[in-house]
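The basis for the numbers below is simple: all heavy atoms, side chains too, and nothing from hydrogens, waters or symmetry mates. What you see is a predicted model; the values in this text were computed from it and never measured.
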Amino acid sequence: MQEHPRPVILAADNMKALDALKSIRHLFDRHPQIIPFVSEIKVNHLLWGADALWFLQEIRRFLESSHLWPRIGFFLDLKLADIGDTNVNVLSRYRDFCPLRVTFAGIISFRAVLQLHELNPCTSLSLFIVPTDMDVLEVMRVWKTSPENVITRFLQQFEDLLEMENPINSCICSGQELTALRDRFGKRYQLVVPGIRSSWMGNQN
């Protein structure tokens, strides 16, 4: 897989839906120079609220009016972690928004991963298995190996079991794992790393 030509993911985290909508509009209107670098708008906790569909509809309407849709799309940080049919039911709620990326937790079955791929083959499936706020010692206590080895083991086992092209094409990791994962997999997977966080992202609204 080639490096993403637009590497910035804009996170709408730790805000109420209306505040997030205003912030994204303000950022794009006042700082249009960032637009060529943005590929996705990441939505996390807002997906579980009553305003989820309204928020996505309003963001899509704004992007369409700005002629940015679907060049900029949605990253649904759902971290799907249930049985296959339940995951599909959850993701189906957002199918009309054509998400560019969806996260799933590394505890689900391989069959459940394939079900997500079958639901929308154009959506990038991103593995989430090691929380990026866990330090190495904590990871070692839980998995008895390093963070990069945990990620590598899941991806390698999945590849070994498949008789088709791997539908997982990216994974979430911290900056500490970047070099090891690049050395192991080259550019086969996109590596999504938490980056610069604005001060308002620490708010608890």
Side-chain angles (χ1 to χ4, degrees), residues 3-82 86-105 116 119-120 122-134 169-175 178 190-205:
E3 290 290 346
H4 206 297
R6 291 175 287 118
V8 175
I9 295 172
L10 182 60
D13 292 340
N14 295 329
M15 290 188 291
K16 295 177 182 178
L18 183 57
D19 293 334
L21 178 61
K22 289 179 179 178
S23 294
I24 291 169
R25 285 174 171 169
H26 176 84
L27 184 66
F28 281 25
D29 288 342
R30 298 294 181 88
H31 304 283
Q33 67 272 19
I34 75 163
I35 292 175
F37 301 99
V38 177
S39 60
E40 302 163 40
I41 295 176
K42 182 174 86 72
V43 187
N44 188 320
H45 77 287
L46 289 174
L47 295 171
W48 307 110
D51 294 334
L53 296 181
W54 173 86
F55 175 72
L56 295 176
Q57 288 167 352
E58 289 301 310
I59 290 293
R60 177 169 176 169
R61 186 174 293 119
F62 168 70
L63 293 173
E64 287 175 338
S65 68
S66 304
H67 306 289
L68 297 174
W69 179 273
R71 187 175 66 84
I72 297 177
F74 290 116
F75 171 0
L76 303 185
D77 192 17
L78 288 163
K79 298 183 177 71
L80 296 166
D82 214 313
T86 301
N87 292 334
V88 166
N89 288 337
V90 171
L91 187 55
S92 293
R93 186 183 186 209
Y94 309 105
R95 191 176 186 181
D96 289 344
F97 296 100
C98 307
L100 298 180
R101 185 186 311 276
V102 172
T103 50
F104 70 93
L116 292 174
L119 177 67
N120 191 349
C122 295
T123 297
S124 173
L125 296 181
S126 290
L127 169 67
F128 172 82
I129 190 168
V130 179
T132 55
D133 65 345
M134 289 182 73
N169 50 24
S170 59
C171 67
I172 312 299
C173 67
S174 77
L178 276 175
Q190 288 181 358
L191 303 178
V192 181
V193 182
I196 300 169
R197 293 182 178 270
S198 300
S199 58
W200 49 258
M201 292 183 69
N203 298 336
Q204 297 298 321
N205 293 328

Quiz item: In Å and rounded to the nearest 0.5 Å, what is the CG to CG distance from Leu125 to Leu80?
Solution: 9.0 Å
Practice problem: Let me see the working for Leu68 and Phe28 under side-chain contact (heavy atoms from CB on, under 4.5 Å), right down to the final yes or no. | Solution: CA-CA 10 Å; Leu68 297 174; Phe28 281 25; 3.7 Å; yes
Quiz item: For His67, what residues pass the side-chain contact (heavy atoms from CB on, under 4.5 Å) criterion, not counting sequence neighbours?
Solution: none
Practice problem: Look up atom CG in Asp133 and atom OG in Ser174, then write down how far apart they are to the nearest 0.5 Å. | Solution: 10.0 Å
Quiz item: Mind checking whether Cys171 and Leu191 have side chains closer than 4.5 Å, heavy atoms only?
Solution: yes
Quiz item: Can you tell me how far CG of Asp51 sits from NZ of Lys16, rounded to the nearest 0.5 angstrom?
Solution: 10.5 Å
Quiz prompt | Derivation of the side-chain contact (heavy atoms from CB on, under 4.5 Å) call for Asn120 and Tyr94 | solution = CA-CA 11 Å; Asn120 191 349; Tyr94 309 105; over 6 Å; no
Exercise. Report yes if the side chains of Phe75 and Val192 come closer than 4.5 Å at any heavy-atom pair, otherwise no.
Key: yes
Quiz item: Donor-acceptor pair, Arg6 side chain versus Pro36 backbone, under 3.5 Å?
Solution: no
Quiz item: Tell me, do Ile24 and Ile59 make a side-chain contact under 4.5 Å, heavy atoms counted?
Solution: yes
Self-check item: By side-chain contact (heavy atoms from CB on, under 4.5 Å) - contacts of Arg61 (at least two apart)
Solution: Glu58
Practice problem: Quick one: closest heavy-atom pair of Ser23 and Met15, and the distance? | Solution: OG-SD, 3.7 Å
Exercise. Please list, chain by chain and in numerical order, all residues satisfying side-chain contact (heavy atoms from CB on, under 4.5 Å) with Leu119, sequence neighbours excluded.
Key: Val88, Leu91, Ser92, Arg95
Quiz item: Under the 3.5 angstrom rule, does the side chain of Ser65 hit a backbone N or O of Phe62 as a donor-acceptor pair?
Solution: yes
Quiz item: Shortest non-hydrogen contact from Arg93 to Gly49?
Solution: NH2-O, 4.4 Å
Quiz prompt | Residues which pass side-chain hydrogen bond (donor to acceptor under 3.5 Å, both in side chains) with Gln57, listed by chain and number, not counting sequence neighbours | solution = none
Quiz item: What distance separates Asp29 CG from Ser66 OG, expressed to the nearest 0.5 Å?
Solution: 6.5 Å
Practice problem: Take Val43 and Leu46 through the test side-chain contact (heavy atoms from CB on, under 4.5 Å) and record every step on the way to the result. | Solution: CA-CA 6 Å; Val43 187; Leu46 289 174; 3.8 Å; yes
Practice problem: Provide the closest heavy-atom pair for Pro194 versus Cys173 in the form atom of the first, atom of the second, distance. | Solution: CD-O, 3.4 Å
Self-check item: Residue Asp96 excluded, over 12 heavy atoms near CG under 6.0 Å
Solution: no
Quiz prompt | Passing candidate, side-chain contact (heavy atoms from CB on, under 4.5 Å) with Phe55, options Leu47, Leu21, Leu18 | solution = Leu21
Practice problem: Could you check Leu178 against Val193 for side-chain contact (heavy atoms from CB on, under 4.5 Å), going step by step and ending with a plain yes or no? | Solution: CA-CA 9 Å; Leu178 276 175; Val193 182; 3.7 Å; yes
Quiz prompt | Any residue meeting side-chain contact (heavy atoms from CB on, under 4.5 Å) with Ser126, in chain and number order, not counting sequence neighbours | solution = Arg101, Thr103, Ser124, Ser170, Ile172
Quiz item: Parallel, tilted or perpendicular: which describes the rings of His31 and His26, with under 30° parallel and over 60° perpendicular?
Solution: perpendicular
Quiz item: Does anything in residues 68-78 pair up under salt bridge (Lys or Arg N to Asp or Glu O under 4.0 Å), and if so which pairs, sequence neighbours excluded?
Solution: Lys42-Asp77, Asp77-Lys79
Practice problem: Compute the ring centroids of Trp69 and Phe97, then answer whether they are less than 6.0 Å apart. | Solution: no
Quiz item: CG/Leu100 to CD1/Ile9 distance, rounded to the nearest 0.5 angstrom?
Solution: 10.0 Å
Practice problem: Could you tell me the separation between the CD1 atom of Ile41 and the CG atom of Leu56, rounded to the nearest 0.5 Å? | Solution: 9.5 Å
